[in-house]
Amino acid sequence: MVARPNIHVKSKVAIVGAGLTLFRRRMLETPRELAWEAARMALEQAGLTLRDIDCVVVGSAPDAFDGVHMKGEYLADGAGGIGRPTVRVFVGGGTGVFVPIAAWWHVASGLCRSVLAVAEEKMSPAHPHPQGVFAYIWDPILERPLGPNLIWIFALEMRRYMYKCNVPKETIAKVSVKNKRNALDHPAAQAAAKITVEDVLKSEVLVWPVQRLDISPVSDGAAALVMVNENEARRVTDSPVWVEGVGWTLDNTHWYNRELAYPRYVNYAARMAYKMAGIERPWKEIDVAEPYDPFDYKELHHIEGLMLARRCEAPKLLEEGWFDRDGELPTSPSGGLLGVGNPIAAAGLMKVAEIFWQLRYEAGARQVKKPVHKGVAQAWGDLMQAATVVVLGV
Amino acid sequence: MGEPRLPGTYLKEKEMYQLPGIVEHRPDAKYSFSAGQAVSRFLEGLKQGRILGKRCPRCGRVYVPPRSYCEYCFAPTAEWVEVSGEGEVNTAVVSYISTFRERLEEPEIIAVIRLYAPGYTGKKDEYEFPGIFHKLCGVKPEDVMSGRVIGMRVRPRWKPPERRVGSITDIECFEPVEG
Amino acid sequence: MAWSMWWKEARRIYKFPGKMEVEKYVYTPGLHGLEAARKLKEEGKFVGTKCGDTIYYPPTTFCPDFSEGGLAEVRGPWRVAAFTVIRETMEGERLEKPIVVALIVPDDAVGGIIHYVDVDPDKIYIGMEVEPVLKPREERKGNPVEDIVHFKPKIEEGEG
């Protein structure tokens, strides 16, 4: 079932710069201004200018959030795409990590020497709440007549996971506590906080078992990476971070005909990326991870899908502090979506940027304690369907 | 990260509305969704108080709700099957909010029900199964929280025939099978 | 069963209505956009983004080379660069007074604005000099499309 990609590439691909805007509930900047701010910062960090860029990859989630159709075209000038081969990619919540995957094949194929990879999301234009846009995720015939709320599907998955793996709510809440604490050191953070398990359990119950503090916030924001081929990388930096593996998978939309306790699509995508990276024992070989955490239980779910823990083992390791910043395998040292914020596509790319900074030892107060050589970032999207995985190494 | 101060200008909701130059627009997009062949037949079945599925002639997978094709074999799923409607609760939750996040007076219980299908070749623990997404009645929120409902045997509670229209809501909810 | 037969099974294809459940979108003006909105609302002046010797209108904040632009006033004169005349409604009914819509470009900037021109459709031509007719100050919101009532041909003094 695992895809076997052609790994005979024309060139290795490196990340040489990353940029971010603040993540906030609503911002003054237009979507293209946010894209520009992140892209400009990434170029500056790489020591390059827009003139050095061959191709552009833009990522953004549904048009109905920004309230602008054909967002790829709309964002093109702010992403540096004018007059260049430019493409917009979209796989729901998985988009943020799909952006560097698409940028990777632009460079690995030999087509482009350098790619500006930009992800932007502005969720604040939709009123009264972006929830109205999420309603269109549901099947209009078999699901929407029941009057669903988006949180239902997460609650159902979380409950199933709790049942299958016998995990108490208290343990899951610890992910939220960890990530919001980690985010205190992140300059972009929107929802950083020192909270306790008690606080999570006392927060408003929305759809039991999901409570207010189990969920990441609604955000505006942008992120960007500069990705180049091996020659360019050697020219512009002494510390390139290599994209060693990429993987992505799509499952079907029939989420209630599937076992929700385990994300097989994440596992397939991870196996594809690990195979390319020559990783056989990810739980030992990966030093730092950014699994996608729009909800706290999802981080545990994805840790297992990424084979960083055995099935149902992630909660136990979490309890032991395994995933803390000074633990054996730090996860979401950035603070993740729960702490930094969730401008959908930008949040996924922020996770890749975090691994980039971690592997360059540039994460400052967020730098994990152990030595790091390899990291993995992952995002998930759609109706428990899409998985995107990137393995980075130095 | 080299840059201590990141770009971006936060606005409070009030501030946003006071800005000169903001533009508001009210979309008015209306849609009409077609249920397609297989699901239309399924809806016809619901109107008659029957739950229908389709079986793949190659691999034997049973699809409830039905699909016109088997996604694994990429073959048309020729044969219709009827299931009893009885099944087991796979997962269930308690919703305290409406679609638009207003507090509900009475919480609703939402579930995924794994349906018993005749001749289904899958093992009990297999990743995929015929199933339905619906509401549960006759159980309490505490039963969801304690886990008592998971694995519980349930069956559909139908609306009276004259009120059925060919919709998933022709089933009022799923309720526990007595005894 | 052959694919060609399989569609004959349902007696009726069910349809379900849907409606986008977004009440409204609120678009913020952006960085230079906010400055331009203030200037238009308060002083009735137009502001663009200046990059080197070129002014871009509407303001973009950033320049094509990705540097940050400056603010600069756009003074015009404004000219018709392209136009179209609407004589019927969407339903095909004849309009009493045709509507003239034009792309209007200022001489001193790159870019422009699409707006109505209050002119006899037979007299408009490409290159015609026009000027904006603004709503009174207290009615202006800072958004040029709403704040301009329409453009009108500029009549040189002494000609009229």
Side-chain angles (χ1 to χ4, degrees), chain B residues 7-48 52 54-57 66-70 74-80 98-101 164-170, chain C residues 1-47 58-59 61-62 66-68 71 113 134-135 137-148:
Chain B
T9 316
Y10 172 64
L11 292 173
K12 292 194 181 114
E13 188 158 15
K14 253 194 191 154
E15 289 173 339
M16 179 183 73
Y17 280 111
Q18 284 159 3
L19 287 183
I22 67 158
V23 175
E24 296 185 35
H25 180 75
R26 286 170 195 279
D28 188 25
K30 295 189 181 84
Y31 303 86
S32 175
F33 300 99
S34 167
Q37 292 293 336
V39 171
S40 288
R41 183 84 187 81
F42 174 72
L43 296 171
E44 254 167 35
L46 293 178
K47 216 170 155 181
Q48 297 157 5
L52 301 178
K54 286 199 111 179
R55 192 199 317 272
C56 172
R67 294 175 225 169
S68 308
Y69 51 89
C70 173
F74 230 56
T77 47
E79 187 193 342
W80 284 96
S98 73
T99 308
F100 298 103
R101 214 189 172 289
R164 292 186 210 142
V165 294
S167 160
I168 192 75
T169 55
D170 289 353
Chain C
M1 188 188 299
W3 284 102
S4 56
M5 286 296 292
W6 134 96
W7 61 270
K8 295 194 173 162
E9 293 176 21
R11 263 166 286 159
R12 158 184 166 207
I13 300 299
Y14 284 77
K15 298 259 189 205
F16 283 75
K19 187 179 186 310
M20 195 65 173
E21 284 118 343
V22 174
E23 213 171 84
K24 64 173 175 182
Y25 284 104
V26 181
Y27 302 95
T28 55
L31 300 172
H32 281 193
L34 178 60
E35 294 308 315
R38 282 201 180 115
K39 205 84 172 163
L40 179 61
K41 189 171 148 63
E42 300 304 328
E43 300 172 36
K45 288 179 177 166
F46 296 87
V47 168
T61 306
F62 53 89
F66 256 28
S67 61
E68 188 168 351
L71 290 161
I113 185 168
L134 288 171
K135 286 182 181 166
R137 183 166 175 265
E138 58 282 4
E139 282 178 36
R140 292 202 292 261
K141 292 178 183 168
N143 162 25
V145 172
E146 289 177 276
D147 288 357
I148 297 171

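Residue numbers start from 1 in every chain, and the chains themselves are labelled A, B, ... in the order their sequence lines are given, proteins ahead of strands. What you see is a predicted model; the values in this text were computed from it and never measured.
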Q: Give, as side chain, backbone, both or neither, the part of K41(C) having an atom under 4.5 angstrom from any heavy atom of chain B.
A: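 For K41(C), the contact with chain B is made by the side chain alone.
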
Q: Check whether T9(B) gets within reach of chain C through its side chain, its backbone, both or neither, counting any heavy atom under 4.5 Å.
A: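 Interface part for T9(B): side chain.
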
Q: About how many Å separate OG of S167(B) and CZ of F16(C), when rounded to the nearest 0.5 Å?
A: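 That separation rounds to 4.5 Å.
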
Q: Return the OH to CD distance between Y27(C) and E24(B), rounded to the nearest 0.5 Å.
A: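 Those atoms lie 11.0 Å apart.
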
Q: List the atom pairs, donor and acceptor, that lie under 3.5 Å between side-chain atoms in residues 11-21 of chain B and the rest of the protein, sequence neighbours left out.
A:
residue: E15(B); atom: OE1; partner: K12(B); partner atom: N; Å: 2.7
residue: Y17(B); atom: OH; partner: H127(A); partner atom: NE2; Å: 3.4
residue: Y17(B); atom: OH; partner: K24(C); partner atom: NZ; Å: 3.2

Q: For the candidates L43(B), V23(B), I22(B), V39(B), which exhibits the highest count of non-hydrogen atom pairs separated by less than 4.5 Å from chain C?
A: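 Ranked by heavy-atom pairs under 4.5 Å with chain C, first place is V23(B).
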
Q: Under 4.5 Å between any side-chain heavy atoms of D28(B) and K19(C), yes or no?
A: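 Of all side-chain heavy-atom pairs linking K19(C) with D28(B), at least one is under 4.5 Å.
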
Q: Which heavy atom of S32(B) sits nearest to which heavy atom of K15(C), and what is that distance?
A: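 So the two residues come closest at OG-CD, 3.6 Å.
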
Q: Where does L40(C) contact chain B at under 4.5 Å (heavy atoms): side chain, backbone, both or neither?
A: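 Neither part.
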
Q: List the atom of I13(C), the atom of S34(B), and the distance in Å for their closest heavy-atom pair.
A: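 Distance-wise, the nearest heavy atoms are CG2-OG, 3.3 Å.
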
Q: How close do Y14(C) and S40(B) get, heavy atom to heavy atom, and via which atoms?
A: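 What the structure gives for the nearest pair is N-OG, 3.0 Å.
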
